[in-house]
Amino acid sequence: MTIAILSALAEEQQGLLDLLHQPRSVTRAGREFWQGELHGQPVVLALSRIGKVAAATTATTLIEAFGVQRLVFTGVAGGVGHGVRVGDVVVATDFVQHDMDASPIFPRYQIPLYGRERFACDAALSAHLLRASRAGLARLKTESDLQDQTVHHGLIASGDRFVSAAEEARRLHADLSDAGHAPLAVEMEGAAVAQVCHDYGIPFAAVRTISDRADDSAHVDFPKFVTEVASRYALAIIDEFVRTLPPR
Ligand code: SAH
């Protein structure tokens with residue numbers, strides 16, 4: 001029962017690589033995959049790469065070439081929902097593509113031929129990730145003077161844009177909300193991985209730490225946050241997630 005752990009950023013993957021038992025690296029589709037064991041669980045670690053197409057290729061390779069049966073994603077995202085602050089964590093319930101628009105042939109945001117706008121995460125795996133996020137962050141808090149952060153659970157929007165202007169973030173949130181898809185956060189990969197996992201019937205869950213508010217200072221906040229905070233969060237959450245994962 002192999003589980004894939006996809007990280008968006010090398011900084012997030014490094015902590016997991018350090019913990020990996022019997023690491024073996026395999027190159028496929030021009031990507032490096034790491035097989036091994038974490039807390040006795042067979043895992044494959046991979047970097048998703050950035051953007052929907054790259055992430056879809058990585059997810060497909062994990063399923064087709066490595067036979068993973070569950071997939072979990074960690075990364076950072078811009079907070080666009082009300083009260084979603086830098087340092088908060090969002091566990092996804094489902095994903096929408098904010099840049100999908102085949103109107104007027106299909107309704108805006110609908111994925112052509114699927115008849116749907118959203119792809120859901122696996123409820124049980126997401127519930128486990130939510131618990132692991134709360135427990136992992138609580139454990140970090142006892143080790144350092146961490147600020148208070150909220151763990152949210154809800155919709156995330158993906159698209160091939162780094163959203164870094166307050167006006168753009170406001171419009172993206174307003175347009176999605178008008179269509180009934182108000183997102184908590186915006187990033188660049190999750191919806192693609194969710195769609196691939198839907199096609200294969202593979203349970204998927206995703207967690208994102210909020211690195212910026214997708215506004216005019218997003219490009220400054222983002223790199224600073226990734227190195228200082230997000231990598232520690234991702235490690236604490238995934239360590240807890242794998243350690244307490246029930247067998248299937
Ligand atoms: N130069 C950066 C790349 C940044 S792309 C690097 O490689 O270090 C931003 C990444 O973080 C993407 O993987 C995306 O999923 C996520 N992300 C964080 N904030 C975002 C925002 N405001 N808009 C879109 N994606 C964001």
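Position 1 is the first residue of the sequence, and the numbers go up from there. Quick note: numbers below take in every heavy atom, side chains included, and nothing from hydrogens, waters or symmetry partners. Counting starts at 1 for both ligands and their atoms, in listed order.
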**Message:** Please list, in number order, the atoms of ligand 1 under 4.0 Å from a heavy atom of Met188.
**Reply:** 12 (C), 14 (C), 15 (O), 24 (C), 25 (N)
**Prompt:** Just going by heavy-atom distances, which of Glu189, Arg161, Glu168 is nearest to atom 12 (C) of ligand 1?
**Reply:** Glu189
**Prompt:** For ligand 1, does Val76 get within less than 4.0 Å through its side chain, its backbone, both, or neither, judged by non-hydrogen atoms?
**Reply:** both
**Message:** Taking 4.0 Å as the limit for heavy-atom contacts, which would you say applies to Ser211 with ligand 1: side chain only, backbone only, both, or neither?
**Reply:** side chain
**Prompt:** For ligand 1, which part of Ala218 has a heavy atom less than 4.0 Å away: the side chain, the backbone, both, or neither?
**Reply:** neither
**Request:** Before accepting this row, confirm whether a basic side-chain N of the pair Arg243/Glu240 lies closer than 4.0 Å to the acidic partner's carboxylate O.
**Result:** yes
**Request:** Examine the proximity of ligand 1 to Lys52 and report which part, side chain or backbone, both or neither, has a heavy atom under 4.0 Å away.
**Result:** neither
**Message:** Distance under 4.0 Å to a non-hydrogen atom of Ala214: what atoms of ligand 1 satisfy this?
**Reply:** 22 (N)
**Request:** Measure from atom 1 (N) of ligand 1 to the protein's non-hydrogen atoms and state whether any distance is below 4.0 Å.
**Result:** no
**Message:** Which of the numbered atoms in ligand 1 are under 4.0 angstrom from any heavy atom belonging to Val163?
**Reply:** 21 (C), 22 (N), 23 (N), 24 (C)
**Item:** ligand 1 contact on Asp212 by region, counting heavy-atom pairs under 4.0 Å
**Value:** side chain
What donor-acceptor contacts under 3.5 angstrom involve side-chain atoms of residues 150-158, with partners at least two apart or in another chain?
residue	atom	partner	partner atom	Å
His152	NE2	Asp88	OD2	2.8
Ser158	OG	Glu187	OE1	2.7
Ser158	OG	Gly190	N	3.4
Ser158	OG	Ala191	N	2.9

**Item:** Side chains of His219 and Asp212, donor plus acceptor under 3.5 Å
**Value:** no
**Item:** Pair Arg108 + Asp175: basic N to acidic O under 4.0 Å
**Value:** yes
**Asked** With distance as the sole criterion, is a donor-acceptor pair present between the side chains of Gln14 and Asp18 under 3.5 Å?
**Response** yes
**Message:** Which residue is it: His181, Lys52, Gln110? I am looking for the one with a side chain to side chain donor-acceptor pair (under 3.5 Å) to Gln97.
**Reply:** Lys52
**Item:** Closest protein heavy atom (residue, atom, distance) for atom 11 (O) of ligand 1
**Value:** Phe222 CE1, 3.2 Å
**Message:** Run the side-chain contact (heavy atoms from CB on, under 4.5 Å) test against Gln35 and tell me which residues pass, sequence neighbours left out.
**Reply:** Arg24, Val26, Val44, Phe66
